[in-house]
S.K.: 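Here it is, the structure in full.
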Amino acid sequence: MTPAARTQAAIELLDAIIGAAQSGGAAADTLIARYFAERRYAGSKDRRAVRERVYAAIRAAGDVPASGRAAMVALADGDAELAATFDGSRHGPAPIAADEARAAGGVAPAWLEAALLASEIERAALPALVERAPLDVRVNRLKATRDDVLPAFSDAAPTPFAEHGLRLPTGSAVEASTPFAEGAIEVQDEGSQLVGSELQAVPGERIVDLCAGAGGKTLALAAAMNNAGALLACDVDRARLQRLPQRAARAGVTIAETRLMNPARETEALADWLGLADGVLVDAPCSGTGTWRRNPEARWRLTAERLARLQATQAHVLDVAAALVRPGGRIVYIVCSLLDEEGTDQVAAFLARHDGWRAEEPSLPAGRRHGQGWRLDPAADGTDGFFVARLRAPC
């Protein structure tokens with residue numbers, strides 16, 4: 001592909017991504033994979049160059065652009081080499097007109113920026129929310145130590161805060177590596193490792209991962225428990241939960257049981273666990289404002305209406321979790337969000353609904369207290385953004 005053809009491909013992909021963001025369609029990564037599956041002539045360098053242009057344009061546009069071309073033209077305004085590819089050639093885009101539409105810059109739509117500022121995120125910290133994220137992995141202590149895995153990757157380094165984390169060069173072929181094939185590592189952001197560890201699970205306990213998804217935190221819990229005890233991974237998403245058994249087998253995890261639940265009827269599916277769990281991890285569905293570094297187009301998908309629905313879901317799953325916990329047990333509530341509506345406000349509302357429960361002092365090596373919990377953010381901590389709180393049941 002010529003440089004101009006690469007830019008035209010990026011414009012076409014951006015059109016598809018913008019449309020999907022507005023209609024609730026497939027994620028950008030999926031659309032990019034589909035695009036190149038139909039264009040086998042594009043080599044690896046072409047695919048990488050197009051992908052980089054697409055994501056650079058997404059990160060630069062705060063609100064949903066009018067078109068893929070508007071997004072790419074805005075990017076070209078600050079990049080003379082890119083601007084030169086608008087040359088009107090056979091497979092390239094038409095030359096840029098001085099008065100044509102350009103995507104507006106910024107970090108997020110105006111209402112979202114206002115919500116982040118109201119949640120005490122400093123304006124100077126906003127750009128870090130859409131910077132490119134590092135590549136972190138968690139070393140599976142059931143199979144290896146961090147020192148065992150370090151030699152397998154050039155330029156790998158221990159993560160600054162997570163005890164079992166490694167930071168690898170961006171683009172490292174993790175899933176093609178021997179440590180991954182042997183179950184010694186899992187891809188997991190350092191922040192995710194830290195907040196998951198806040199449950200402080202130990203061998204022999206009865207633990208529930210209530211919103212387990214594909215089980216990343218479930219596997220970390222099993223390692224912390226040294227594969228001893230009872231660990232129940234639950235979710236309402238069948239497709240995601242079905243990925244866990246294979247991942248658990250690779251990781252050598254034998255204590256994790258999966259259970260599919262029906263939305264709004266979770267307590268019925270968990271009747272045999274009511275009042276028995278030592279700890280419940282609630283990694284709740286959320287806006288994902290803390291993960292824009294990895295999914296920058298997600299900020300184009302979020303609406304005030306969707307945020308309100310997520311808040312209702314978060315309150316519901318917290319109430320489900322409370323019914324599972326034994327007297328004196330605990331809940332750890334996590335959202336990969338920096339919005340107070342999903343974080344400290346949810347905790348305050350939960351404590352108002354449940355007499356005798358209390359929020360405990362967090363104990364993370366990174367982040368800072370926020371309300372009745374703890375917050376990590378990309379600008380200050382170099383991790384994805386998270387809010388986490390540990391809640392203790394009355395005895």
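It should be emphasised that the depicted structure is a prediction, and the values quoted were computed from it without experimental measurement.
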S.K.: Heavy-atom distance under 4.5 Å between the side chains of P65 and W300, does that happen here?
M.R.: yes

S.K.: Would you please say whether a donor-acceptor pair under 3.5 Å links the side chains of T170 and R132?
M.R.: no

S.K.: With side chain to side chain donor-acceptor pair (under 3.5 Å) as the test, would you mind laying out the steps for D319 and H354 before giving the verdict?
M.R.: CA-CA 9 Å; D319 290 343; H354 295 272; 2.7 Å; yes

S.K.: For F387, does its backbone N or O pair with a side-chain atom of R375 as donor and acceptor, under 3.5 Å?
M.R.: no

S.K.: Is any side-chain N of the basic residue among E257 and R259 closer than 4.0 Å to the acidic one's carboxylate O?
M.R.: yes

S.K.: With a 3.5 Å cut-off and no angle check, do the side chains of Q242 and T258 form a donor-acceptor pair?
M.R.: no

S.K.: Is the side chain of D381 donor-acceptor paired with the backbone N or O of G367 at a distance under 3.5 Å, no angle test?
M.R.: yes

S.K.: Tell me if the CZ atom of R265 is crowded by more than 12 foreign heavy atoms within 6.0 Å.
M.R.: no

S.K.: Do the side chains of V280 and I207 get nearer than 4.5 Å, heavy atoms only?
M.R.: no

S.K.: Do any N or O atoms from the side chain of N226 and from the backbone of A228 form a donor-acceptor pair under 3.5 angstrom?
M.R.: no

S.K.: Do F386 and L339 sit in the same hydrophobic cluster, where Ile, Leu, Val, Met, Phe, Trp and Tyr count as joined when their side-chain heavy atoms come under 4.5 Å apart?
M.R.: no

S.K.: Measure from NZ or CZ of R206 to the centre of the six-membered ring of W273 and say whether it is under 6.0 Å with the direction within 45° of the ring axis.
M.R.: yes

S.K.: Does any donor atom in the side chain of Q346 or Q311 lie under 3.5 Å from an acceptor atom in the other side chain?
M.R.: no

S.K.: Salt bridge check, K217 against D209: does any charged N sit closer than 4.0 Å to a carboxylate O?
M.R.: no

S.K.: If only atom types and distance count, is the side chain of R146 paired as donor or acceptor with the main-chain N or O of G165 below 3.5 Å?
M.R.: yes

S.K.: Quick one: do R299 and E113 make a salt bridge, cutoff under 4.0 Å?
M.R.: no

S.K.: Counting only heavy atoms not in E163 (residues, nucleotides, ligands), do more than 12 fall under 6.0 Å from its CD?
M.R.: no

S.K.: Does the pair E190/R167 count as a salt bridge with the N-to-O cut at 4.0 Å?
M.R.: yes

S.K.: If you measure from CG on L129 to CD on E131, what distance do you get to the nearest 0.5 Å?
M.R.: 8.5 Å

S.K.: If you apply the rule side chain to side chain contact (heavy atoms under 4.5 Å, CB included), what do you find for R6 with D46, and how did you get there?
M.R.: CA-CA 7 Å; R6 289 174 174 176; D46 294 322; 2.9 Å; yes

S.K.: So, R293 side chain and A128 main chain: donor-acceptor pair closer than 3.5 Å or not?
M.R.: no

S.K.: Look up atom OG1 in T218 and atom CG in L232, then write down how far apart they are to the nearest 0.5 Å.
M.R.: 9.0 Å

S.K.: Do the side chains of E342 and L310 get nearer than 4.5 Å, heavy atoms only?
M.R.: yes

S.K.: Partners of D235 by salt bridge (Lys or Arg N to Asp or Glu O under 4.0 Å), sequence neighbours excluded?
M.R.: none

S.K.: Can you tell me if CZ on R301 sees more than 12 non-hydrogen neighbours from other groups inside 6.0 Å?
M.R.: yes

S.K.: State the OG1-CG distance between T267 and N262, to the nearest 0.5 angstrom.
M.R.: 12.0 Å

S.K.: For D377, is there an ion pair with R368 - N to carboxylate O distance below 4.0 angstrom?
M.R.: yes

S.K.: If you define the side chain from C-beta out and look only at heavy atoms, does anything of R47 sit under 4.5 Å from R51?
M.R.: no

S.K.: Heavy-atom count check: over 12 atoms from other residues, nucleotides or ligands less than 6.0 Å from E122 CD?
M.R.: no

S.K.: Is the NZ or CZ atom of R39 both under 6.0 Å from the centre of the six-membered ring of Y35 and within 45° of that ring's axis?
M.R.: yes

S.K.: Can you hop from V107 to L117 via hydrophobic side chains spaced under 4.5 Å?
M.R.: yes

S.K.: Looking at R53, E12, R69, which one forms a side chain to side chain donor-acceptor pair (under 3.5 Å) with T7?
M.R.: R53

S.K.: What verdict does the side chain to side chain contact (heavy atoms under 4.5 Å, CB included) test give for D384 and W292, after you've listed the backbone C-alpha separation in whole Å, the side-chain angles of each residue and the deciding distance to 0.1 Å?
M.R.: CA-CA 8 Å; D384 287 349; W292 288 347; over 6 Å; no

S.K.: A side-chain contact here means heavy atoms from C-beta on lying under 4.5 Å apart; do P179 and F153 qualify?
M.R.: yes

S.K.: Determine whether L168 and L194 fall in the same hydrophobic cluster, where Ile, Leu, Val, Met, Phe, Trp and Tyr are linked whenever their side-chain heavy atoms lie under 4.5 Å apart.
M.R.: no

S.K.: For a side chain to side chain donor-acceptor pair (under 3.5 Å) check, start with the C-alpha distance between D87 and S89, then their side-chain angles and the critical distance, and finish with the verdict.
M.R.: CA-CA 5 Å; D87 60 6; S89 58; 2.7 Å; yes

S.K.: Side chain to side chain donor-acceptor pair (under 3.5 Å) between Q200 and S363: does it pass, once the steps are laid out?
M.R.: CA-CA 10 Å; Q200 299 177 355; S363 57; 3.1 Å; yes

S.K.: So, for S177 and I185, which heavy atoms are closest and what is the spacing to 0.1 Å?
M.R.: OG-CD1, 4.0 Å

S.K.: Under a 4.0 Å threshold between the charged nitrogen and the carboxylate oxygen, would R390 count as salt-bridged to E361?
M.R.: no

S.K.: Check this for me: does any side-chain nitrogen of one of R247 and E186 sit under 4.0 Å from a carboxylate oxygen of the other?
M.R.: yes

S.K.: Just by modelled atom types, is the P285 backbone N or O under 3.5 Å from a matching donor or acceptor in the Q314 side chain?
M.R.: yes

S.K.: Looking at A322 and I331, what are the two nearest heavy atoms and their distance?
M.R.: N-CD1, 3.7 Å

S.K.: Begin with the C-alpha distance, continue with both residues' side-chain angles, and end with the deciding distance and a verdict on side chain to side chain contact (heavy atoms under 4.5 Å, CB included) for R138 and T159.
M.R.: CA-CA 9 Å; R138 177 184 58 81; T159 45; over 6 Å; no

S.K.: State whether the side chain of Q372 and the backbone N or O of E360 hold a donor-acceptor pair below 3.5 Å, judged by distance alone.
M.R.: no

S.K.: Report yes or no: does E305 contribute a side-chain atom to a donor-acceptor pair with the main-chain N or O of T303 at less than 3.5 Å?
M.R.: no

S.K.: Go through the structure and list residues passing salt bridge (Lys or Arg N to Asp or Glu O under 4.0 Å) with D15, not counting sequence neighbours.
M.R.: none

S.K.: Hydrophobic clusters here meaning ILVMFWY residues chained together by side-chain heavy-atom distances under 4.5 Å, can you tell me if L281 and M261 are in one?
M.R.: no

S.K.: Using only heavy-atom distances, determine whether the side chains of D340 and H370 contain a donor-acceptor pair under 3.5 Å.
M.R.: yes

S.K.: So L338 and S119, side chain to side chain contact (heavy atoms under 4.5 Å, CB included) or not? Walk me through it.
M.R.: CA-CA 7 Å; L338 297 170; S119 299; 6.0 Å; no

S.K.: Considering only NZ, NE, NH1 and NH2 on the basic side and carboxylate oxygens on the acidic side, decide whether D189 and R294 come within less than 4.0 Å.
M.R.: yes

S.K.: Taking E297 for its side chain and A21 for its backbone only, find out whether a donor-acceptor pair lies under 3.5 Å.
M.R.: no

S.K.: Taking the side chain as every heavy atom from C-beta outward, state whether F350 and V347 have any atom pair closer than 4.5 Å.
M.R.: no

S.K.: Rounded to the nearest 0.5 Å, how far apart are SG of C211 and CG of D237?
M.R.: 11.0 Å

S.K.: Could you tell me if T145 and D147 have a donor-acceptor pair between their side chains, going purely by distance under 3.5 Å?
M.R.: no

S.K.: So do the side chains of L391 and R358 get within less than 4.5 Å of each other, counting heavy atoms only?
M.R.: no

S.K.: Any side-chain heavy-atom pair from D77 and R102 closer than 4.5 angstrom?
M.R.: yes

S.K.: Check whether F180 forms a cation-pi arrangement with R250 (NZ or CZ under 6.0 Å from the six-membered ring centre, at most 45° off the ring normal).
M.R.: yes

S.K.: Which of these, T254, I255, L219, sits in a side-chain contact (heavy atoms from CB on, under 4.5 Å) with L231?
M.R.: I255

